[in-house]
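Just below is one structure, and these are the notes that go with it.
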Protein chains: 2
Amino acid sequence: MPLKNRPEKSAELRELALFSNMDDAHFDMLTRGAYVQNFPPAIELIAEGEPSDFLFVVIEGSVELFANWNERETTMATIRPVSTFILAATVKNAPYLMSARTLEKSRLILLPSEGVREVFDLDAAFARSVVTELAQCYRQTVKQSKNLKLRTSLERLANYLIRYNDTNGDNNAFTLPTEKRRLASYLGMTPENLSRAIKSLQQYGVMFDGQHVSITDDKELRQLAKPTPLIDDPNL
Amino acid sequence: MPLKNRPEKSAELRELALFSNMDDAHFDMLTRGAYVQNFPPAIELIAEGEPSDFLFVVIEGSVELFANWNERETTMATIRPVSTFILAATVKNAPYLMSARTLEKSRLILLPSEGVREVFDLDAAFARSVVTELAQCYRQTVKQSKNLKLRTSLERLANYLIRYNDTNGDNNAFTLPTEKRRLASYLGMTPENLSRAIKSLQQYGVMFDGQHVSITDDKELRQLAKPTPLIDDPNL
DNA sequence: CATCGAGGTTGACTAATGTCAATTATATGG
DNA sequence: CCATATAATTGACATTAGTCAACCTCGATG
């Protein structure tokens, strides 16, 4: 359904940091050819290598970004509401480097890439927001590379748990937001290896019960994980 | 020495994609407090975690970006003339995520970050160039993550050699641009493991003689490496 | 309620990669 | 040109991580 028929969704979009400071007229241009669309779970939205026709915004549900090579696959990120994905491909008018699929029933806004690039040239405030967003994405992947190159898979898991706990109530108890096999892929390991890593973490003060995690000895866990903002702070 | 005393260096800077489309007055603002400076080899220019006071431009020589964690170190990138580094930290006014050191005698331009951010708000053309540059950097690190997560170290080396050959004359013969231990670190492996990988590549049509490399059987090497533009094309 | 199937776990094994120590090659400065 | 330091290589071994197959668990469904 065209976005213009859904003013409440349009308002939601407008509140995103990326779009909040731009001119009204430009926002209208941007959303003119936009659609709000519902997708069932496990739908492949885009495939790596395709031209970037749309900028996507996740309104509800969740989307997995992943990549393939030589029969292998890895999860690059999970996008949750409300945020955009594949902004870089859109502004560069270059092929997607990642594929995307819905993880669950999801509602997305599709903004034609053409419009994003046009408005980008017209609206300085929007351009500034794009820069901030891109810089953020860039730094996120730099941290991701450091994580992969400097840490073992056990250390990556330990830090993932600390980070997730910190950003979700800090109660030392939470439920994993994804299936373990996806978490494994995200962390750059196999499901089997994750299973074993989970077992190993018992001696460092982490209890697993299915999807439920409780950190029983925060100090012990941090001693293993040695978290640093320069890798683990999502806001840096 | 202040950049304004070195008009020829200023001109060189102006030709960079990042600065070529901006207004003259803004370019002057940007370079007002800038310095041209020579550094000996192995000087640590910045350390991760420090506030981003300057945007750096490599004019001559080469600079290694690296990161540390828990007594471990890894090479993230090597910057060669003429290009900038740590743009994202500058525009976000956030701490550096990587450290930098000169690899050899190098000449750099230091642009005060403050000025970069100011001019960014004033000059739409500059803002656009920053976006393009950041999008490029972002996509580069996404490719880097895919490379790390989807390939073994032997495959990474094989692809590195193909890529380097492709972008440097395509003669199937070239000299490694860095020490092997730095190449190893860049590829996410130990020097010992690189030594062994080099040996293994003999059976895939690559001959090493010290720093000199010749590809004797391009087809065989490609069959192992399976290069794809979505990981290996630096321009994508 | 029984069945089915996907995700998860476990064990046994293999492959990839890292570590340490010793040795050899290479480059550099006196 | 030699002395020295650093890089590179090699062998032996340890650790980390992946593979494969079997099995378990749990929820969905007929």
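In what follows, chains carry the letters A, B, and so on, assigned in the order in which the sequence lines appear, proteins first and then strands, with residues in each chain numbered from 1. Computed from a predicted structure; not experimentally measured.
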* To do: Pull out every residue in residues 148-156 of chain A that has a heavy atom closer than 4.0 Å to any atom of DNA chain D, ordered by number, or say none.
  =>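 Residues of residues 148-156 of chain A under 4.0 Å from DNA chain D: Thr152(A), Ser153(A).
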
* Give the ring-plane orientation class for Tyr164(B) versus Phe174(B), where under 30° counts as parallel, over 60° as perpendicular and anything between as tilted. =>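 Ring orientation, 0 to 90° scale: tilted.
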
* Asked: Listed by chain and number, what are the ring pair (Phe, Tyr, Trp, His ring centres under 6.0 Å) partners of Tyr160(B), not counting sequence neighbours?
  ->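 So Tyr160(B) forms no ring pair (Phe, Tyr, Trp, His ring centres under 6.0 Å) with any residue.
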
* Asked: Do other residues, nucleotides or ligands put more than 12 heavy atoms under 6.0 Å from the CZ atom of Phe56(A)?
  ->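 Atom CZ in Phe56(A) is crowded, with more than 12 foreign heavy atoms closer than 6.0 Å.
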
* If you count the non-hydrogen atoms of other residues, nucleotides and ligands that lie under 6.0 Å from CG in Asp209(B), is the total more than 12? ->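 For Asp209(B), atom CG is not crowded (no more than 12 foreign heavy atoms under 6.0 Å).
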
* If the sugar-phosphate is the primed atoms plus P, OP1 and OP2 and the base is the rest, what is the B/S/- string for nucleotides 6-14 of chain C, using protein heavy atoms under 4.0 Å? -> -SSSBBB--

* Can you list the residues that meet the salt bridge (charged side-chain N to carboxylate O under 4.0 Å, His left out) rule with Glu133(B), with sequence neighbours excluded? ->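 Partners of Glu133(B) under the salt bridge (charged side-chain N to carboxylate O under 4.0 Å, His left out) test: none.
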
* Residues which pass side chain to side chain contact (heavy atoms under 4.5 Å, CB included) with Gln211(A), listed by chain and number, not counting sequence neighbours ->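 Listed in chain order: Thr175(A), Leu176(A), Lys180(A).
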
* Asked: Listed by chain and number, what are the side chain to side chain contact (heavy atoms under 4.5 Å, CB included) partners of Gln144(B), not counting sequence neighbours?
  ->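 Residues passing side chain to side chain contact (heavy atoms under 4.5 Å, CB included) with Gln144(B): Ser145(A), Lys149(A), Leu148(B), Tyr186(B).
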
Using whole Å, report how far [atom1] of [X] lies from [atom2] of [N].
X: His212(B); N: dA8(D); atom1: NE2; atom2: C1'; result: 18 Å
X: Met189(B); N: dT9(D); atom1: CE; atom2: P; result: 11 Å
X: Leu187(B); N: dG18(C); atom1: CG; atom2: C1'; result: 16 Å

* To do: Kindly indicate, with the supporting measurements, whether the criterion salt bridge (Lys or Arg N to Asp or Glu O under 4.0 Å) is fulfilled by Asp232(A) and Arg222(A).
  => CA-CA 12 Å; Asp232(A) 304 295; Arg222(A) 282 176 186 272; over 6 Å; no

